[in-house]
Amino acid sequence: MTVQQTYIMLKPDAVERRLVGEIISRIEDKGYSIIQAKLMTLTKDVIADHYAHLTDQPFYPKLENYMLSGPVFGLVVEGEEAIQGMRSMMGPTNVFDANPGTIRGDFATDLTYNVIHGSDSLESAYIEIRRFFG
Ligand code: UDP
Ligand code: MG
């Protein structure tokens, strides 16, 4: 067991739908700590960096519009095995595979508009925390 930090981002639909408190409650109830948090408006450049693995995909324009559609709430979450733990709490990328009880399973019905981002590895957590919190 290792204490890890992971980058979590409540996407524009989560902020607009006022799900921020509910999702933070779930993270805290799990036993993780919020180390840093801020509301921010992303630029096209930051979105392209963050989703560099997807810029060639046909759905990228939709994803970019989504991430530009309003502020996001970025968080650094810390806890035992928090990277995989948060991914489990979020549910899979495809909301149609996300079980009830997961954040995506409970709050999302669209493949793009899926409420939350979480780092998928130790390396991406390190890069993403630096990208959004310096
Ligand atoms: N996405 C999409 N269509 C797809 C796959 C992904 O719109 O077919 C969006 C969705 O918002 C997803 C984001 O692109 O959360 C990043 O995709 P990734 O594969 O990194 O999934 P995640 O790490 O968010 O589960
Ligand atoms: Mg990802």
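Just so we're clear, the structure is a prediction, and the values are computed from it rather than from any experiment.
In this structure, CG on Asp13 lies 7.5 Å from CG on Asn114, to the nearest 0.5 angstrom. If you take CD on Glu64 and CG on Leu42, they are separated by 11.0 Å, rounding to the nearest 0.5 Å. With rounding to the nearest 0.5 angstrom, the CG atom of Leu39 is 10.0 Å from the CG atom of Leu10. Interatomic distance, Glu81 CD to Thr2 OG1, rounded to the nearest 0.5 Å: 4.5 Å.
Around atom NZ of Lys30, no more than 12 heavy atoms belonging to other residues, nucleotides or ligands sit under 6.0 Å away. For Glu28, the CD atom is densely surrounded, since the number of other residues' heavy atoms within 6.0 Å is greater than 12. For Tyr113, the OH atom sits in a packed shell: over 12 heavy atoms of surrounding residues, nucleotides or ligands are nearer than 6.0 Å. Summarising the local packing, CG of Leu122 is surrounded by 12 or fewer heavy atoms from other residues, nucleotides or ligands at distances under 6.0 Å.
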Could you list the donor-acceptor pairs under 3.5 angstrom formed between side-chain atoms of residues 86-95 and any protein atom two or more places apart in sequence or on another chain?
residue, atom, partner, partner atom, Å
Arg87, NH1, Gly118, O, 2.9
Ser88, OG, Gln84, O, 3.1
Asn94, OD1, Phe96, N, 2.8

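Aromatic ring pairs are classed by plane angle as parallel below 30°, tilted from 30° to 60° and perpendicular above 60°; the pair Tyr7 and Phe132 is parallel.
Across every non-hydrogen atom of Asp120 and Ser124, the tightest pair is OD1-OG, 2.7 Å. The shortest non-hydrogen separation linking Ile129 to Gln5 is CD1-CB, 3.8 Å. Of all heavy-atom pairs spanning Thr6 and Ala125, the tightest one is CA-CB, 4.1 Å. Nearest heavy-atom pair across Ile83 and Ser119 is CG2-O, 3.5 Å. The shortest heavy-atom contact between Val15 and Pro71 is CG2-O, 3.5 Å. Contact detail for Pro12 and Ser69: the closest heavy-atom pair is CB-OG, 3.4 Å.
A 4.5 Å side-chain heavy-atom check between Glu80 and Gln4 finds every atom pair outside the cut-off. With a 4.5 Å cut-off on side-chain heavy atoms, Met67 and Thr112 do not count as touching. Between Tyr60 and Ile47 the shortest side-chain heavy-atom distance falls below 4.5 Å. Using a 4.5 Å cut-off on side-chain heavy atoms (C-beta onward), Val115 and Ile23 make contact. Annotation: side chain of Ile116 is not in contact with side chain of Met9 (no heavy-atom distance under 4.5 Å). In this structure the side chain of Val3 reaches within 4.5 angstrom of the side chain of Glu78, judged on heavy atoms. Taking the side chain as every heavy atom from C-beta outward, Ile24 and Leu75 approach each other to under 4.5 Å.
Looking only at distances, no side-chain donor or acceptor of Arg104 sits under 3.5 Å from a matching main-chain atom of Thr109. No donor-acceptor distance shorter than 3.5 angstrom exists from the side chain of Gln36 to the backbone of Phe133, with no hydrogens or angles considered.
Cation-pi contact between Lys11 and Tyr66: absent, since separation from the ring centre below 6.0 Å together with deviation from the ring axis within 45° is not met.
Clustering ILVMFWY residues whenever any of their side-chain heavy atoms sit less than 4.5 angstrom apart, transitively, puts Val46 in a cluster other than the one holding Phe73. At a threshold of 4.5 Å between side-chain heavy atoms, the hydrophobic network of Ile, Leu, Val, Met, Phe, Trp and Tyr places Met40 and Tyr51 in one connected group.
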Between Asp110 and Lys62, does a salt bridge (Lys or Arg N to Asp or Glu O under 4.0 Å) hold up when you go through it step by step? CA-CA 12 Å; Asp110 186 278; Lys62 185 181 178 193; 3.6 Å; yes
Could you give me the CA-CA distance, side-chain angles and deciding distance for Arg26 and Asp106, then say whether salt bridge (Lys or Arg N to Asp or Glu O under 4.0 Å) is met? CA-CA 12 Å; Arg26 290 183 180 213; Asp106 287 347; 2.9 Å; yes
Is there a side-chain contact (heavy atoms from CB on, under 4.5 Å) between Arg131 and Tyr126 once you walk through the steps? CA-CA 9 Å; Arg131 174 176 300 127; Tyr126 179 79; over 6 Å; no
Does the pair Ile34 and Val77 meet the rule for a side-chain contact (heavy atoms from CB on, under 4.5 Å), with working shown? CA-CA 5 Å; Ile34 311 291; Val77 170; 4.2 Å; yes
